[in-house]
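Just below is one structure, and these are the notes that go with it.
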Amino acid sequence: MKLPLFEYAAPASLAEAIALLSRGNAKALAGGQSLIPTMAFRLATPSLLVDLRNIKGLDGIDVGPRGVSLGARVRWRDIEDDERLRTAHPLLVAAIAHVAHYQIRNRGTVGGSLAHADPAAEMPGIAVTCNADIVLAGKNGTRTVKAKDFFTGALSTVLADDELITQVRLPAWPATRRWGFGELARRRGDFAIAGVAAFYDVAQDGKALNTHIGVFGACSRPHRIAEAEAELDGRVPDADAIRAAAFAAEETVDPPGDLHASAEYRRSLVGTLLERALLRSQR
């Protein structure tokens with residue numbers, strides 16, 4: 001389908017981009033992998049597209065002692081190609097390998113995925129699971145929002161019309177941390193019917209601590225599952241503890257049913273995916 005008519009601007013600075021967005025009925029354009037199809041189907045009809053390609057500082061990946069910082073225009077391909085991230089944040093790298101197909105990974109961006117807030121997308125799930133900070137810039141200045149507070153529902157966030165995501169910050173990742181990721185889609189590269197991300201640290205006595213378990217795809221927005229985390233925290237992460245965590249996740253989630261999968265199937269799938277992910281984390 002052809003796109004509706006719109007004006008186009010490619011500002012050279014963040015301040016100029018924010019000023020353009022403040023006019024109203026404008027959308028930021030980064031990779032365009034979600035926005036352009038949405039416009040083609042007339043689900044969004046902005047009168048102005050503000051292209052972020054000329055704004056410096058939005059495409060960097062910083063790895064340091066405080067963690068990983070991803071600029072809003074960092075592409076999935078950039079994450080795949082950065083060797084530092086394989087040890088600095090292996091869970092992120094594993095999740096991004098499931099994003100769509102290589103053509104889309106060449107164009108799609110971190111900021112675009114977070115702003116679009118598809119509940120079945122991998123990056124929002126990782127951001128929530130890892131307790132990431134999302135940095136926003138608008139006409140009233142800069143603010144930082146926790147990922148768990150950023151997503152308010154399917155395709156819905158706290159992002160104001162005049163605001164842009166500038167970066168997402170993921171906390172430092174200990175080298176000894178154990179982690180797992182799993183999702184199921186109808187076809188490789190499709191949005192997940194359900195997906196899970198999990199990690200935990202191991203104390204000197206061999207017991208799990210700081211357990212984080214997140215779910216996406218089987219919910220209206222990504223979220224952590226505190227009941228499943230509690231089943232693993234303070235226990236040796238053996239098969240019994242992992243099975244208990246998986247059962248708690250399955251009992252806690254309240255997924256929707258649709259033409260792709262019933263609510264019962266998604267609920268069972270969450271438990272299965274989590275059990276498999278946590279079992280792999282022991283290797």
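- Checking side-chain atoms of Thr129 against main-chain N and O of Ile126 turns up no donor-acceptor pair under 3.5 Å.
- Between the CG atom in Leu48 and the CG atom in Leu21 there is a gap of 7.5 Å [rounded to 0.5 Å].
- Atom CG of Leu232 sits about 9.0 Å away from atom CG of Asp238, to the nearest 0.5 Å.
- Aromatic ring centres of Phe181 and His98: separated by under 6.0 Å.
- Contact check for Arg186 versus His260: side-chain heavy atoms found under the 4.5 Å cut-off.
- Counting heavy atoms from C-beta on, the side chains of Pro11 and Leu20 come closer than 4.5 Å.
- The backbone N or O of Asn25 sits less than 3.5 Å from a side-chain atom of Ser47, completing a donor-acceptor pair.
- Pairs engaging residues 68-83 under the side-chain hydrogen bond (donor to acceptor under 3.5 Å, both in side chains) rule: Ser69-Gln167, Arg75-Asp78, Arg77-Asp81, Arg77-Asn106, Glu80-Arg105, Asp82-Arg84, Glu83-Arg86 [sequence neighbours left out].
- Inter-residue side-chain proximity for His116 and Leu155 is flagged as met; some heavy-atom pair is nearer than 4.5 Å.
- Within a 6.0 Å radius of CG in Leu43, other residues, nucleotides and ligands contribute more than 12 heavy atoms.
- The 12-atom threshold is exceeded at CZ of Arg177, counting heavy atoms of other residues, nucleotides or ligands nearer than 6.0 Å.
- Residues that satisfy the salt bridge (Lys or Arg N to Asp or Glu O under 4.0 Å) test with Arg143, not counting sequence neighbours, are Glu163.
- Looking at Val253 and Cys219, their side chains never come closer than 4.5 Å, going by heavy atoms from C-beta outward.
- Under a cut-off of 6.0 angstrom, the local environment of CZ in Phe6 is crowded, with over 12 non-hydrogen atoms contributed by other residues, nucleotides or ligands.
- Once rounded to the nearest 0.5 Å, the distance linking CZ of Arg169 with CG of Asp62 reads 10.0 Å.
- When the side chains of ILVMFWY residues are joined at heavy-atom separations under 4.5 Å, either directly or via intervening members, Val158 and Val168 end up in a single hydrophobic cluster.
- In this structure, Asp149 has no salt bridge (Lys or Arg N to Asp or Glu O under 4.0 Å) partners at least two apart in sequence or on a different chain.
- The heavy-atom pair separating Pro65 from Ala172 by the smallest distance is O-CB, 3.4 Å.
- The nearest pair of heavy atoms linking Ala192 to Ala185 is CA-CB, 4.3 Å.
- Here the CD1 atom belonging to Ile225 is positioned 11.5 Å from the CD atom belonging to Glu251, to the nearest 0.5 angstrom.
- For Phe150, the ring pair (Phe, Tyr, Trp, His ring centres under 6.0 Å) criterion is met by no residue, not counting sequence neighbours.
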- Step by step, work out the side-chain contact (heavy atoms from CB on, under 4.5 Å) result for Ile134 and Thr157. CA-CA 11 Å; Ile134 300 174; Thr157 73; over 6 Å; no
- Task: Please lay out, stage by stage, how Arg266 and Ile193 fare under the test side-chain contact (heavy atoms from CB on, under 4.5 Å).
- Result: CA-CA 7 Å; Arg266 278 194 168 97; Ile193 294 174; 3.7 Å; yes
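- Through direct or indirect side-chain contacts shorter than 4.5 Å among Ile, Leu, Val, Met, Phe, Trp and Tyr, Ile104 is connected to no other residue.
- Linking Ile, Leu, Val, Met, Phe, Trp and Tyr whenever their side-chain heavy atoms come within less than 4.5 Å puts Val128 and Ile96 in one cluster.
- Applying the salt bridge (Lys or Arg N to Asp or Glu O under 4.0 Å) test to Lys146 and every residue at least two apart in sequence or in another chain returns Asp133.
- Side-chain contact between Thr176 and Val202 is absent, with no heavy atoms from C-beta onward closer than 4.5 Å.
- Separating the CD atom in Glu231 from the CG atom in Leu278 is a distance of 12.0 Å, to the nearest 0.5 Å.
- Heavy atoms only, all atoms of each residue included: Phe216 and Ala121 are closest at CD1-O, 3.6 Å.
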- Message: Between Thr252 and Glu250, does the side-chain contact (heavy atoms from CB on, under 4.5 Å) criterion hold? Intermediate values first, please.
- Response: CA-CA 6 Å; Thr252 302; Glu250 187 174 331; over 6 Å; no
- Could you walk me through whether Met39 and Thr45 pass side-chain contact (heavy atoms from CB on, under 4.5 Å), step by step? CA-CA 6 Å; Met39 292 176 62; Thr45 55; over 6 Å; no
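- Taking both residues in full, the closest heavy atoms of Ala244 and Arg235 are given as CB-NH1, 3.7 Å, listed atom of the first, atom of the second, then distance.
- Screening Ile61, Leu58, Leu114 for a side chain to side chain contact (heavy atoms under 4.5 Å, CB included) involving Leu70 leaves a single residue, Ile61.
- Under a hydrophobic-cluster definition in which Ile, Leu, Val, Met, Phe, Trp and Tyr are linked whenever side-chain heavy atoms come within less than 4.5 Å, directly or via other members, Val215 and Leu184 are assigned to the same cluster.
- Put simply, the residue from Trp173, Trp179, Phe199 that forms a ring-ring contact (aromatic ring centres under 6.0 Å, His included) with His89 is Trp173.
- Cys130 and Leu170 get closest at one heavy-atom pair: CB-CD2, 4.0 Å.
- Looking at Ser156, its side chain never comes within 3.5 Å of a backbone N or O of Thr152 through a donor-acceptor pair.
- Ser22 places a side-chain N or O within donor-acceptor distance of the main-chain N or O of Ile18, the cut-off being under 3.5 Å.
- Residues Ile79 and Val110 are in side-chain contact: their nearest non-hydrogen atoms beyond the backbone lie under 4.5 Å apart.
- Taking hydrophobic clusters as Ile, Leu, Val, Met, Phe, Trp and Tyr residues chained together by side-chain heavy-atom distances below 4.5 Å, Ile213 does not share a cluster with Leu91.
- When all heavy atoms of Gly206 and Pro237 are compared, the pair lying nearest together is O-CD, 3.3 Å.
- The number of heavy-atom neighbours closer than 6.0 Å to CG of Asp161, taken from other residues, nucleotides and ligands shown, is 12 or below.
- In this structure, the separation between CZ on Arg178 and CG on Asp201 is 10.0 Å, given to the nearest 0.5 Å.
- By the rule that hydrophobic residues join a cluster once side-chain heavy atoms approach within less than 4.5 Å of another member, Leu136 and Leu14 end up as members of separate clusters.
- For the pair Arg188 and Asp190, the minimum side-chain heavy-atom distance is 4.5 Å or more.
- Side-chain contact between Glu229 and His212: present, with at least one pair of heavy atoms (C-beta onward) separated by less than 4.5 Å.
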